[in-house]
Amino acid sequence: MAKFYLTTPLYYVNAAPHLGHAYSTIVADTIRRYKNLQGLDAFLLTGTDEHGQKVERSAKLAGMSPQEFADQVAELFRKEWQDLGLEFDSFIRTTDAKHEVAVKKIFEAVWKAGYIFKGSYTGQYCTACEQYANEAKPGEPCPECGGPTETITEENYFFKLSAFQDRLLNYYEEHPEFIRPETRRNEVIAFVRSGLRDLSISRTTLKWGIPLPSLPGSSSEASQEKHVFYVWFDALTGYLSGIGYGQDESGEEPFRRLWPADLQIVGKEIIRFHAVYWPAFLMAAGLPIPHTLFAHGWLLFEEDKMSKSRGNVVSPGPVREVLGIDALRYFLLREIPFGQDGNFSFDALVSRYNSDLANDFGNLASRVLTMIGRYFNSEIPYPSVMAQRSAQDRHILELAENVISRYTAALDNYEFSGGLEAVWELIAAVNKYLVDTEPWALAEKNTGEDRSKLATVLYTSAEALRIATQLLSPIMPESTARIWTQLGQTTELSSLPLKSIKESPLATQEKIGKIEPVFPRLEKEATVRKLVQLQQQVSGRGLPKKTAAGVGAETALAIAKIAIEDFLKVELRVGEVRVAERVKGASKLLRLEVDIGTETRQIVAGIAESYAPETLIGRKVVIVANLQPRKLRGIESNGMIVAASVGKEDRPVLVTFIEDVPNGAKLR
Ligand code: ME8
């Protein structure tokens with residue numbers, strides 16, 4: 001059986017998993033299921049990236065050792081995937097002993113091939129991105145993420161990336177399927193064409209990493225000089241170590257069978273590491289290059305990338321609890337064309353659930369099954385012979401055939417949204433067919449002819465429902481399995497190959513199962529409210545607790561002692577609100593203009609649920625004046641209003657002064 005090896009990124013353990021991570025992993029799980037149904041032997045690797053400064057710092061804040069911290073967060077990821085019903089074949093942690101063996105092995109291969117040299121480097125380093133910000137000057141922020149950079153000088157081992165410029169460009173040219181989608185491919189090509197600098201792949205400025213081995217044939221003893229691997233050299237190798245690279249003979253078997261990867265799924269912000277560094281490392285080590293890298297877009301929340309550092313993450317837990325896993329899978333795959341950015345909102349999620357799942361698909365299943373129960377004693381009826389069927393009857397089956405081809409073509413090309421659209425065309429057509437043919441009226445008339453028409457309508461609808469259910473099984477495994485049972489099917493849906501869709505029509509006179517609603521309609525406002533409430537409860541509870549004192553990393557961040565110089569970096573000033581108005585389409589946000597003496601600042605604040613805009617005019621407030629500007633709902637916010645966070649629901653209460661204070665006064 002041909003294999004299909006696919007991977008997700010290996011997630012950093014500095015943050016608990018959120019919907020952005022879940023998105024990549026859900027897509028990967030869907031592809032794994034789909035490829036298995038196509039008769040391939042799919043193998044999915046996921047895991048965690050545990051070394052580097054980011055993790056070292058988070059652990060410190062939580063008052064733990066990096067290993068202890070990583071152990072707990074890696075477990076959060078594993079548990080989240082389990083709770084979401086995501087199936088993977090290997091979970092690699094970059095702190096696993098076998099991973100260290102693999103990193104050393106690939107490094108030695110690259111070294112032997114002559115692509116490693118020692119040099120010194122001074123530059124701005126961005127800890128958030130874990131990379132040098134070559135374009136930034138001292139004191140300047142990182143051009144990628146806007147975060148602070150630090151000046152670092154290191155004696156490092158370098159990888160001769162520059163030697164690979166032409167080979168990479170040739171490779172991209174000869175393998176147009178290597179980088180997808182096309183926009184990312186063009187970006188990468190432009191980047192490589194602009195020239196590649198050699199890459200420092202070791203660090204002496206941190207301890208939390210895999211030590212470099214002593215280099216064969218070299219006078220320098222890298223390990224003694226306390227070099228650890230640059231986290232990306234280490235992490236990318238996880239795609240190999242997770243399938244046995246570097247193990248002894250039998251341990252390395254999966255690697256020999258599975259490598260090169262057929263598909264590597266990544267977010268668009270890490271395409272450069274995967275499309276430039278990674279193939280260059282592999283070429284240098286004499287290993288084959290993966291077939292396709294697919295860089296998907298970002299899940300946005302309130303129009304900003306959902307990410308821990310921006311503090312706008314949504315956890316999968318509440319959605320899972322309130323709407324179920326399949327609703328989340330469906331929403332993400334349908335709403336966002338794969339490759340593009342897409343907005344996530346509870347409102348859109350519940351709307352789609354109600355319209356597509358409850359009204360369209362769920363309703364179709366319950367209507368068809370209920371009528372078979374009522375009119376045919378729960379047995380799939382015999383349809384008329386083909387010649388006696390109406391054009392309407394025939395149209396449904398023809399459409400179903402057409403949808404099968406469109407759906408598979410779309411999924412083969414990772415166009416989940418398009419594939420789902422095709423299935424929904426079929427679902428909508430069958431719902432309309434039921435309205436047009438009025439089976440309930442045929443049942444009432446109950447003449448011989450009506451009875452056979454009724455049997456044909458219900459058989460045709462049930463057959464279309466079967467096809468839709470089978471097609472949707474990789475997308476919504478749990479709910480389609482339930483509908484499958486209700487259709488009276490006893491074979492396990494997840495084990496039925498895709499080709500059986502055309503080959504095995506619904507057998508007549510089989511008993512259907514017990515009918516139960518699979519997607520009950522939800523009251524929108526109450527559901528959204530519940531989701532928001534649950535999200536607020538889990539926010540800040542994601543990360544591990546310090547064993548004894550029970551302090552979470554986020555709390556630790558809040559209570560960790562900082563030096564006075566750190567505090568002095570924060571510029572707090574008194575301001576007076578001149579203008580306050582609601583932000584269209586955002587129930588929580590107000591747009592304020594605040595006079596801080598020397599200037600008037602525009603600030604977007606999440607206080608609309610506690611303060612009516614008109615009550616704020618003329619009010620003194622405290623603002624953080626030296627925050628980097630950030631856009632909320634497309635409006636630039638230049639600062640932050642300081643408020644106490646009160647009660648379970650974190651109600652904001654503004655800071656006030658009893659005495660009069662001039663605008664612009666600094667707080668110390
Ligand atoms: O970059 N929308 O790890 P990471 C969509 N350790 N996808 C998102 C997302 C969002 N808002 N936020 C995160 C790293 N992701 C490295 C990878 S690989 C050898 C090393 C997903 O924890 C997306 O797949 O920052 C993104 O690329 C990945 O999580 C980044 O996870």
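Along the sequence shown, residues are numbered consecutively beginning with 1.
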Is it the case that the side chains of [Y] and [X] hold a donor-acceptor pair, with the cut-off being a distance below 3.5 Å and no angle test?
| X | Y | result |
| --- | --- | --- |
| E335 | N343 | no |
| D234 | H51 | yes |
| Q67 | S65 | no |
| H99 | Y245 | no |
| R33 | S473 | no |

### Query
Does the gap between the ring centers of Y157 and Y230 come in under 6.0 Å?
no
### Ring-ring centroid check F159 F164, cutoff 6.0 Å
yes
Please determine if [X] and [Y] form a salt bridge, counting it only when a charged side-chain N lies under 4.0 Å from a carboxylate O.
| X | Y | value |
| --- | --- | --- |
| R256 | E252 | yes |
| R197 | E135 | no |
| R184 | E187 | yes |
| D341 | K305 | no |
| R185 | E182 | yes |

Hey, what's the ring geometry for [X] with [Y], parallel, tilted or perpendicular (30° and 60° as the breaks)?
| X | Y | answer |
| --- | --- | --- |
| F233 | F281 | perpendicular |
| F117 | F158 | parallel |
| H18 | H21 | tilted |
| W259 | F255 | parallel |

### Pair F338-Y414, ring pair (Phe, Tyr, Trp, His ring centres under 6.0 Å): steps then yes or no
CA-CA 7 Å; F338 194 52; Y414 311 123; 7.1 Å; no
### Query
Can R32 be said to sit on top of F88's aromatic six-ring, NZ or CZ under 6.0 Å from centre and within 45° of the ring axis?
no
### Task
Mark yes or no: R272 above the aromatic ring of F191, with NZ or CZ under 6.0 Å from the six-membered ring centre and no more than 45 degrees from the axis.
yes
### Message
Could you report the tightest heavy-atom contact between I116 and V110, atom names first, then the distance?
### Response
CD1-CG1, 3.7 Å
### Query
How far apart are the closest heavy atoms of S162 and D198, and which atoms are they?
OG-OD1, 2.6 Å
### Query
Does some side-chain heavy atom of L40 sit less than 4.5 Å from a side-chain heavy atom of D262?
no
### Task
Determine whether K35 and Q38 make a side-chain contact, defined as any pair of heavy atoms from C-beta on separated by less than 4.5 Å.
yes
#### Entry: Residue pairs, two or more places apart or on separate chains, that pass salt bridge (Lys or Arg N to Asp or Glu O under 4.0 Å) and touch residues 93-102
E50-R93, D71-R93, E100-K104
### Task
Output, in order, the C-alpha distance, side-chain angles, deciding distance and verdict of ring pair (Phe, Tyr, Trp, His ring centres under 6.0 Å) for H274 and Y239.
CA-CA 11 Å; H274 285 82; Y239 299 135; 5.6 Å; yes
